[in-house]
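In what follows, residues are counted from 1 in the order of the sequence shown. Predicted model, so just to flag it, every value in this text is computed and none were measured.
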Amino acid sequence: MTIDALRSLRRQVIPIALDIYDRLFPTSLLPALAQVVDNSQLQLTPYEVEWWNAFATLRRWIDEKSLQRIFTNNLSVSPEDWEITMAYDRTKVNESGVLVNPQEVAQTFAVGVLRGRLRNVLDVYRTNPVAYDGNALYDADHAHFDDTPYSNVLPAGVDVAARADASAPTYQEAEAEMVAAKARLFLNVAFLEEAAEAAQIDQNLIAIVRSDGVYSAFKGLLELERLEAGGPANRLKGTFRLVRDMKPGSADPNSWDLVHAEPGGLRPAVQVLWKAFPNVEFEEPKFAKKLTPFGVEDKAGNKAAFPQVTVRTYN
C-alpha cells in the first residue's frame with residue numbers, strides 16, 4: 001500500500017469511526033454509569049469539576065447571601081494516556097480482505113474505544129476509590145454537602161439478612177436485598193426534598209452484579225412472573241436493568257451495586273475526555289519492517305463522583 005493510499009484510508013476511516021461511536025454511545029452503559037465531560041476544546045489540565053447546579057437550595061435572604069458550593073474543594077481530574085495499536089503486513093495488504101474496508105477498520109476502533117472507556121468507568125466501581133467528601137465511594141461515613149451524614153452500604157447481618165449461601169442467593173433473598181437497597185437509595189437521593197414520592201426512585205435503576213450465582217438470582221428477580229410456585233406476583237419484574245460485570249477484579253464477587261441513573265442526573269463516577277474521539281493514525285511503511293502499526297491514542301481521566309446515587313450490598 002502506498003503512502004497516498006494510507007492517507008486516503010485514514011481520511012475515510014476517521015469520520016466513519018466517529019459516526020459509529022456517536023451512534024453507539026447514547027445506548028451504551030457508559031452515560032448511565034458516569035457523567036462524561038468533554039474537555040477536548042478547553043484542554044484544561046487538570047480539569048476542575050464543579051457541579052454548581054446539583055443541589056441548589058432556596059434560603060431566606062436576611063443579610064448577606066450565603067454562597068452555595070457542592071464541594072469544599074473542586075474535584076480535580078487529571079488525564080491518563082490510553083491506546084489501541086494494531087499492525088498489518090505490508091507485503092499482504094493488497095490481498096483480499098486485508099485492511100481494505102474502511103467500515104471494518106472504523107468499527108473496530110469505535111467499539112474498542114467505547115469498550116475501553118466503559119472498562120475505565122467500571123474500574124471506579126470495582127476499586128472503590130475516594131469520592132469528593134474524602135471517603136471511599138462506597139462507605140458508611142459519608143456526609144452530604146450540608147454535613148448531614150449518610151451511608152450507601154448495606155452489610156449483611158446489619159442492614160440486610162445474611163444469605164444462607166453468600167455466593168448463591170435465593171430469589172427471595174435477592175428480593176429482600178433489592179427492597180432494602182431501593183429504600184436506602186431513596187433516602188440518599190431525596191435528602192434535599194421537602195417531600196418525595198416513592199416513584200422517584202422506581203425508574204432508571206441499574207443493578208451491577210459480579211458472579212454467576214448473584215446474576216442468576218437477580219435475573220430471576222428481573223424476569224420471573226412469580227418467585228415461587230403459587231406465590232404472589234413478582235413486584236420487581238422488569239423494574240431495573242441488570243448488568244453482569246465480567247471482570248470485577250478485586251471487588252467482592254458476592255457484592256452488588258444499585259445505581260440510580262436518572263437521565264441528566266448525577267452519577268457515581270465522572271469521566272473527563274481530552275479527546276472527544278481519538279484520531280486514527282497509520283505509521284508510514286518502512287522498508288525494513290513487514291509489520292506496519294496503526295491505531296488510536298486516547299486521553300481521559302476517571303474518578304468517583306456522587307455516592308448518593310448508588311448503594312452497595314455486601315454478603
Side-chain angles (χ1 to χ4, degrees), residues 18-40 47 49-58 68 70-71 75 77 110-111 113-115 117-125 131-132 137-138 144-145 150 152 178-179 181-209 218 221-223 235-245 256-273 276-277 300-312:
L18 180 57
D19 178 66
I20 294 172
Y21 183 88
D22 285 345
R23 284 189 283 109
L24 292 175
F25 175 80
T27 57
S28 74
L29 279 171
L30 186 52
L33 299 182
Q35 179 74 42
V36 179
V37 179
D38 185 355
N39 184 37
S40 61
Y47 188 91
V49 182
E50 173 67 86
W51 276 273
W52 58 268
N53 61 337
F55 302 118
T57 304
L58 183 66
Q68 300 182 39
I70 305 309
F71 306 140
L75 182 63
V77 183
V111 172
V113 169
L114 186 60
R115 183 184 296 127
R117 288 177 173 178
L118 176 60
R119 176 204 61 215
N120 294 339
V121 164
L122 282 171
D123 279 345
V124 173
Y125 292 78
Y132 73 85
L137 175 61
Y138 294 99
H144 291 297
F145 76 97
Y150 72 97
N152 69 342
M178 176 62 80
V179 170
K182 285 179 63 176
R184 178 65 57 82
L185 196 56
F186 176 75
L187 291 176
N188 293 348
V189 168
F191 82 99
L192 253 188
E193 306 295 340
E194 298 296 327
E197 294 185 89
Q200 124 178 26
I201 204 70
D202 285 340
Q203 298 178 334
N204 306 303
L205 294 174
I206 301 174
I208 305 173
V209 302
F218 279 84
L221 192 62
L222 178 65
E223 298 178 350
R235 56 182 168 162
L236 295 173
K237 180 179 184 293
T239 60
F240 59 95
R241 295 167 66 184
L242 180 59
V243 174
R244 169 70 157 89
D245 185 351
W256 66 278
D257 304 334
L258 187 64
V259 178
H260 185 231
E262 182 181 13
L266 306 177
R267 296 292 184 267
V270 58
Q271 180 173 86
V272 179
L273 304 177
F277 187 83
N302 304 271
K303 276 201 171 182
F306 286 96
Q308 290 96 331
V309 291
T310 185
V311 170
R312 173 165 293 177

Nearest 0.5 Å please: distance from the OH atom of Y47 over to the CG atom of D38. 9.0 Å
After noting the C-alpha distance and the side-chain angles of L221 and F240, does the key distance pass the side-chain contact (heavy atoms from CB on, under 4.5 Å) rule? CA-CA 10 Å; L221 192 62; F240 59 95; 4.3 Å; yes
Which of L122, L114, N120 passes side chain to side chain contact (heavy atoms under 4.5 Å, CB included) with L30? Answer is L114
Value for OG1 (T239) from CD1 (I201), rounded to nearest 0.5 Å, stands at 11.5 Å
Please check this pair: side chain of R241 against backbone of A207, looking for a donor-acceptor N/O pair closer than 3.5 Å. no
Looking at every heavy atom in both L137 and N152, which two are closest together, and how far apart are they? O-ND2, 2.9 Å
Heavy-atom side-chain contact between K303 and L75 under 4.5 Å: yes
Under 3.5 Å, is there a donor-acceptor pair linking the side chains of Q271 and N302? yes
Check the angle between the aromatic planes of Y150 and H144 and answer parallel, tilted or perpendicular using the 30° and 60° thresholds. parallel
Quick one, L33 with V121, criterion side-chain contact (heavy atoms from CB on, under 4.5 Å). Give me CA distance, side-chain angles, the key distance, then yes/no. CA-CA 7 Å; L33 299 182; V121 164; 4.0 Å; yes
Can you tell if the side chain of F25 reaches within under 4.5 Å of the side chain of R117, non-hydrogen atoms only? no
Distance col, row I20:CD1 vs F277:CZ, nearest 0.5 angstrom, shows 8.5 Å
Nearest 0.5 angstrom please: L242 CG to I206 CD1, how far? 10.5 Å
Do other residues, nucleotides or ligands put more than 12 heavy atoms under 6.0 Å from the CD atom of E223? yes
Nearest heavy-atom neighbours spanning K182 and D202: NZ-OD1, 3.0 Å
Test item: T310 side-chain N/O and L258 main-chain N/O as donor-acceptor pair under 3.5 Å: yes
If you look at every heavy atom in F218 and M178, which pair is closest and at what distance? CE2-CE, 4.0 Å
Between V36 and L273, is the side-chain contact (heavy atoms from CB on, under 4.5 Å) condition met? List the steps. CA-CA 7 Å; V36 179; L273 304 177; 3.7 Å; yes
How long is the straight-line distance from NE2 of H260 back to CD of Q308, given to the nearest 0.5 Å? 13.0 Å
For a 4.5 angstrom cut-off between non-hydrogen side-chain atoms, does N204 reach P263? yes
Might you point out which heavy atoms bring A276 and S40 nearest each other, and give the distance in Å? N-CB, 3.6 Å
Hey, does the side chain of Y138 reach the backbone of P307 with a donor-acceptor pair shorter than 3.5 angstrom? no
Ignoring hydrogens and geometry, is there a side-chain-to-backbone donor-acceptor pair from R267 to E262 under 3.5 Å? yes
For V309 and L266 the tightest heavy-atom approach is CG2-O, 3.9 Å
V259 versus A32, closest heavy-atom pair with distance: CG1-O, 4.3 Å
